[in-house]
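Down below is the structure, laid out as structure tokens.
Because only heavy atoms are used, hydrogens play no part in the values below, and waters and symmetry mates are left out as well, while side chains stay in. Throughout, numbering of the chain's residues begins at 1 and tracks the sequence.
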Amino acid sequence: MAAILGSRNFRKNNRKNLNKLVSQKIVPPLVALAIFLVIWQLVCLTPNFGLPGPIETFSETWNPFIIDPFFDNGESDKGLGWQILSSLGRVALGFSLAAIVGVALGIFVGANKLLYNAVDPIFQVLRTVPPLAWLPISLAAFQQANPSAIFVIFITSIWPIVINTTVGVQQIPQDYVNVARVLRLKGLKYFLKVVFPATVPYIFTGLRIGIGLSWLAIVAAEMLVGGVGIGSFIWDAYNTTTETNLSEIILALIYVGLVGLILDRMVGFIASKVVPE
């Protein structure tokens, strides 16, 4: 009897949790999206308004960009699926390099006050440089489009990682340091037992900011370096602007936003599993 009642309570709680999830997390975004689409469509009904509405956008891009995102006609004439995968490949490489170098550099700088005082003004100046401002430098240095785009991602995303990691190291409680001295923790043990656990929330804050900047930087860089990539696709469509191409640009922007959201949520999910509560 108790088992039956427990099972009923379990199912009842599950239904409550599911209803709460639907009412708080799913319904509000769907309602907001519907309102946005209605407003967009109404605005586009204005005479001489140059942009297509949502109905026109999806009807013009349905075939092949929506139903066949991985078509390949050679050269840069590829579906948005291939364009995004190409951009994500560059982001993965550039961001991974930035994460490795940024975390290591942040820990090193944060642990040395004299070094921090020396390089912090330089970091603060470099982090304010817009992503595209680095592109001429990278093109001059690497002489090729792909390494140049990866460098732009790296140099754009590394600063929030470095700065947040540095702050995390500097915020390690003095009690932790004192205990480490008593236990004679040094080198790798000190890092694994004290430094990393204390700084990991700051590290993931920097990583989450950095991944967003990486995606922003690659779209901007690809607009200028060409080749295959979502930024190049948007720029090429703009340079041959027709009413249909405007629909393609809008669809590409929607894809860019969705991928950026997914990347942010992925880093946030990993952080929720790694960062201690």
ask   = Does the side chain of F71 come within less than 4.5 Å of D77's, by heavy atoms?
value = yes
query = Is there a path of hydrophobic side-chain contacts, each under 4.5 Å between heavy atoms of I, L, V, M, F, W or Y residues, that connects V125 with V167?
reply = no
Non-hydrogen side-chain atoms of F108 and V119 separated by less than 4.5 Å = no
inquiry  = What I want to check is whether the side chains of S87 and E222 have a donor and an acceptor closer together than 3.5 Å.
reply    = yes
inquiry  = Between Y202 and V169, is the side chain to side chain contact (heavy atoms under 4.5 Å, CB included) condition met? List the steps.
reply    = CA-CA 9 Å; Y202 296 88; V169 173; over 6 Å; no
ask   = Any side-chain heavy-atom pair from I153 and W215 closer than 4.5 angstrom?
value = no
query = Can you check whether I218 reaches V152 side chain to side chain, under 4.5 Å on heavy atoms?
reply = no
query = Do the non-hydrogen side-chain atoms of W134 and S138 ever get within less than 4.5 Å of each other?
reply = no
inquiry  = Quick one, F95 and I161 - any side-chain contact, counting heavy atoms below 4.5 Å?
reply    = yes
request  = Please answer: with hydrophobic residues joined when any side-chain heavy atoms are less than 4.5 Å apart, are I254 and L216 in the same cluster?
outcome  = no
query = More than 12 heavy atoms of other residues, nucleotides or ligands under 6.0 Å from CH2 of W82: is that the case?
reply = no
Atom pair CG/CD1 of L207 and I270 - distance to nearest 0.5 Å = 9.0 Å
key: Transitive ILVMFWY side-chain link V91 to I100, under 4.5 Å   = no
inquiry  = I'd like to know whether CD1 of I137 has more than 12 heavy-atom contacts from other residues, nucleotides or ligands below 6.0 angstrom.
reply    = no
inquiry  = Quick check: do L246 and Y238 have side-chain heavy atoms less than 4.5 Å from each other?
reply    = no
query = Should V228 and I84 be counted in the same cluster of Ile, Leu, Val, Met, Phe, Trp and Tyr side chains packed under 4.5 Å apart?
reply = no
inquiry  = When you compare the side chain of L263 with that of L88, does any pair of heavy atoms fall below 4.5 Å?
reply    = yes
task = Walk me through it: do W159 and L213 pass the test side chain to side chain contact (heavy atoms under 4.5 Å, CB included)?
result = CA-CA 10 Å; W159 305 119; L213 292 177; over 6 Å; no
message = Taking V43's backbone N and O only, do any of them form a donor-acceptor pair with T46's side chain (distance below 3.5 Å, no angle check)?
response = yes
inquiry  = Is it the case that atom CD1 in I55 sees more than 12 heavy atoms from other parts of the structure closer than 6.0 Å?
reply    = no
query = With F233, which residues qualify under ring-ring contact (aromatic ring centres under 6.0 Å, His included), at least two apart?
reply = F65
key: Single-linkage hydrophobic cluster, 4.5 Å side-chain cutoff, I209 and F204 together   = no
